[in-house]
Amino acid sequence: MPFTAEDARWMARALRLARRGLATTDPNPRVGCVLVRGGRVVGEGWHERAGGPHAEAAALAAAGGAARGATCYVTLEPCAHHGRTPPCADALVAAGVARVVAATEDPNPQVAGQGLARLRAAGIAAEAGLMAAEAETLNPGFLKRMRAGLPWVRVKLAASLDGRTAMASGESRWITSAQARADVHRLRAQSSVVLTGSGTVRADDPALTARPGGAPAARQPLRVVLDSALATPPGARLLREPGPVLILAAREDAGRRRALEAAGAEVAVVEATTDGRVALEAALRYLARREANEVLVEAGPTLAGAFVAAGLADELVVYLAPHLMGDAARGMFTLPGLERMDQRLGLEIAEVRAVGPDLRIVARPRKR
């Protein structure tokens, strides 16, 4: 049956609830649920953190017996398998809901339509596809990981209006405003991984922690350093800050590994390129196997350009500050081999908004 304006109203509410879990549900998806009977909400909830109740379970607990005969609006297909919690499809059947409307099907092979099928087998009207595009934007990493075995990759850059990220000397603090930097901390907090290169660690000694609102986030993202030769200093700042650190190398070096592990890092060796560097796609697939949904790349122009040139960047988040740094300053990307106009890498602008005095531009590479 076609969806109604009333259906859209309640699904929009479920989507707003799901957003409350942006920084807390990893590696699970962000999901919201609203139970409606007789034109009013009888229960609602959202998934707050991995291991905690799913959105449907929270909504059913809030509704109690009022869930019987209700319509359930949920932003992702109810699960049909035992994980950290029991299957939500079974809970909905037991509660006696009359109808379930999901925004999207769950591509997780353990679900993949089985949740809807279980509901239908119990005589419950179950449909999917209402406001699917909006729901997809909530969980780009989870959905991509389930479909392609890769995380969603955002490359974040801070630049002057003439596209410069550091002076020729390497000085770069601060290009953008305090408001833009606070926005970056919110972006880190919702990421599974903040990734950089060993060159950036050696040059800038960043912490790469998430401190939204000025205080450390309850869940710190995994900080990952791509370090082909294990050249990261054991005294680096990111190893002294709270939260896990993973160093991905292209070859083994037992002495350097021991020193970095003693400093608190985890070290893993992944596939190398022919020139001895960490293979980017292999690194991303390794992170996806570790349930990383969203990877935020904060790196210099060489590594940022490598992700773009390899077609591995799903999104660019560029903070542009209203000043000029001159043609001797460093650019945003190293992209060798672009010599003709027909070799340009096309982008689609998804969002432009002001963040304090700066502009935040979200752009996505056009599919080739």
Side-chain angles (χ1 to χ4, degrees), residues 17-31 46-53 84 138-142 151-158 172-227 232-248 260-268 287 290-300 303 315 317 319 355-356 358 360 362:
L17 288 169
R19 289 190 63 81
R20 297 185 185 182
L22 271 177
T24 61
T25 66
D26 199 77
N28 290 354
R30 299 124 182 174
V31 183
W46 70 96
H47 183 44
E48 295 187 34
R49 61 186 57 83
R84 294 185 179 98
L138 272 172
N139 293 299
F142 175 81
W152 183 268
V153 177
R154 292 185 180 94
V155 177
K156 168 253 152 183
L157 302 120
S172 62
R173 296 185 180 179
W174 295 103
I175 290 176
T176 53
S177 65
Q179 295 95 319
R181 297 196 297 276
D183 197 65
V184 171
H185 280 287
R186 288 190 289 272
L187 200 56
R188 287 179 184 172
Q190 74 178 59
S191 300
S192 311
V193 165
V194 177
L195 183 149
T196 194
S198 59
T200 296
V201 173
R202 296 194 303 273
D204 298 338
D205 200 20
L208 297 179
T209 51
R211 301 183 301 280
R219 181 196 65 82
Q220 286 293 331
L222 174 65
R223 287 163 296 155
V224 174
V225 182
L226 300 190
D227 186 356
T232 297
R237 182 184 175 192
L238 84 170
L239 291 169
R240 303 193 306 271
E241 295 283 345
V245 176
L246 169 65
I247 298 178
L248 295 182
L260 289 167
E261 289 176 340
E266 178 187 356
V267 178
L287 293 174
R290 292 180 57 134
E291 299 187 302
N293 291 332
E294 297 174 21
V295 172
L296 180 65
V297 177
E298 297 193 46
L303 187 54
E315 194 169 82
V317 181
Y319 296 87
V355 180
D358 305 318
R360 171 178 144 148
V362 178

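Because the structure is predicted, anything quoted here is derived from the model rather than measured. Residue indices begin at 1 and follow the sequence shown.
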J.: Does CZ belonging to Arg240 count more than 12 external heavy atoms closer than 6.0 Å?
T.: yes
J.: How close do Ser191 and Pro221 get, heavy atom to heavy atom, and via which atoms?
T.: O-CB, 3.5 Å
J.: Under a 4.5 Å cut-off applied to non-hydrogen side-chain atoms, are Leu195 and Leu296 in contact?
T.: no
J.: Using a 4.5 Å cut-off on heavy atoms from C-beta on, say whether the side chain of Val297 contacts that of Thr196.
T.: no
J.: If you round to the nearest 0.5 Å, how far is CG of Asp204 from CZ of Arg237?
T.: 11.0 Å
J.: Can a donor-acceptor pair be found, under 3.5 Å and without considering hydrogens, that links the side chain of His47 to the backbone of Thr25?
T.: no
J.: Any sub-3.5 Å donor-acceptor pair from Asp227's side-chain atoms to Ile247's backbone N or O?
T.: no
J.: What's the shortest heavy-atom distance between Asn28 and Ala50, and which atoms?
T.: ND2-CA, 3.6 Å
J.: Before you tell me yes or no, could you show the steps for Glu315 and Val155 under side-chain contact (heavy atoms from CB on, under 4.5 Å), namely the whole-Å CA-CA distance, both residues' side-chain angles and the distance that decides it to 0.1 Å?
T.: CA-CA 6 Å; Glu315 194 169 82; Val155 177; over 6 Å; no
J.: Is there side-chain contact between Arg219 and Asp26, with at least one heavy-atom pair below 4.5 Å?
T.: yes
J.: Could you go through Asp183 and Arg186, starting from their C-alpha distance and side-chain angles, then the distance that decides it, and tell me whether this counts as side-chain contact (heavy atoms from CB on, under 4.5 Å)?
T.: CA-CA 5 Å; Asp183 197 65; Arg186 288 190 289 272; 3.0 Å; yes
J.: Please report the closest heavy-atom contact between Ala299 and Gly197, naming both atoms and the distance.
T.: CB-N, 4.4 Å
J.: Considering only heavy atoms from C-beta outward, does the side chain of Arg223 approach that of Thr209 to under 4.5 Å?
T.: yes
J.: If you compare all heavy atoms of Ala292 against all heavy atoms of Pro151, which two are closest, and at what distance to 0.1 Å?
T.: O-CB, 3.4 Å
J.: Kindly give the heavy-atom pair with the smallest separation between Trp46 and Gly21, and that separation in Å.
T.: CD1-N, 4.2 Å
J.: In this structure, which one of Arg188, Lys156, Arg30 forms a salt bridge (Lys or Arg N to Asp or Glu O under 4.0 Å) with Glu294?
T.: Arg30
J.: Indicate the atoms forming the closest heavy-atom contact of Leu138 with Ala18, along with that distance.
T.: CD1-CB, 3.6 Å
J.: Could you tell me whether a side-chain N or O of Glu48 sits under 3.5 Å from a main-chain N or O of Pro53, the two making a donor and an acceptor?
T.: no
J.: Determine whether a donor-acceptor pair (N or O, by modelled atom type, separation under 3.5 Å) exists between the side chain of Arg181 and the backbone of Thr176.
T.: yes
J.: Please tell me if the side chains of Leu17 and Arg20 come closer than 4.5 Å, counting only heavy atoms from C-beta onward.
T.: yes
J.: Could you state the interatomic distance from OG (Ser198) to CG (Leu303), rounded to the nearest 0.5 Å?
T.: 9.0 Å
J.: Does any part of the side chain of Val225, heavy atoms only, come nearer than 4.5 Å to the side chain of Leu248, both counted from C-beta?
T.: no
J.: Hey, does the side chain of Ser177 reach the backbone of Ala180 with a donor-acceptor pair shorter than 3.5 angstrom?
T.: yes
J.: Is the shortest side-chain heavy-atom distance between Glu298 and Val184 below 4.5 Å?
T.: yes
J.: When you measure from the side chain of His185 to the backbone of Arg211, do you find a donor-acceptor pair of N or O atoms at a distance under 3.5 Å?
T.: yes
J.: Measure the shortest side-chain to side-chain distance between Thr232 and Leu260 over non-hydrogen atoms and say whether it is less than 4.5 angstrom.
T.: yes
J.: Distance-only, no hydrogens or angles: does the Asn139 side chain make a donor-acceptor pair with backbone N or O of Pro29 under 3.5 Å?
T.: no
J.: Roughly how far, to the nearest 0.5 Å, is the CG atom of Asn293 from the CG atom of Leu287?
T.: 11.0 Å
J.: What is the distance from atom OH of Tyr319 to atom CG of Asp358, rounded to the nearest 0.5 Å?
T.: 9.5 Å
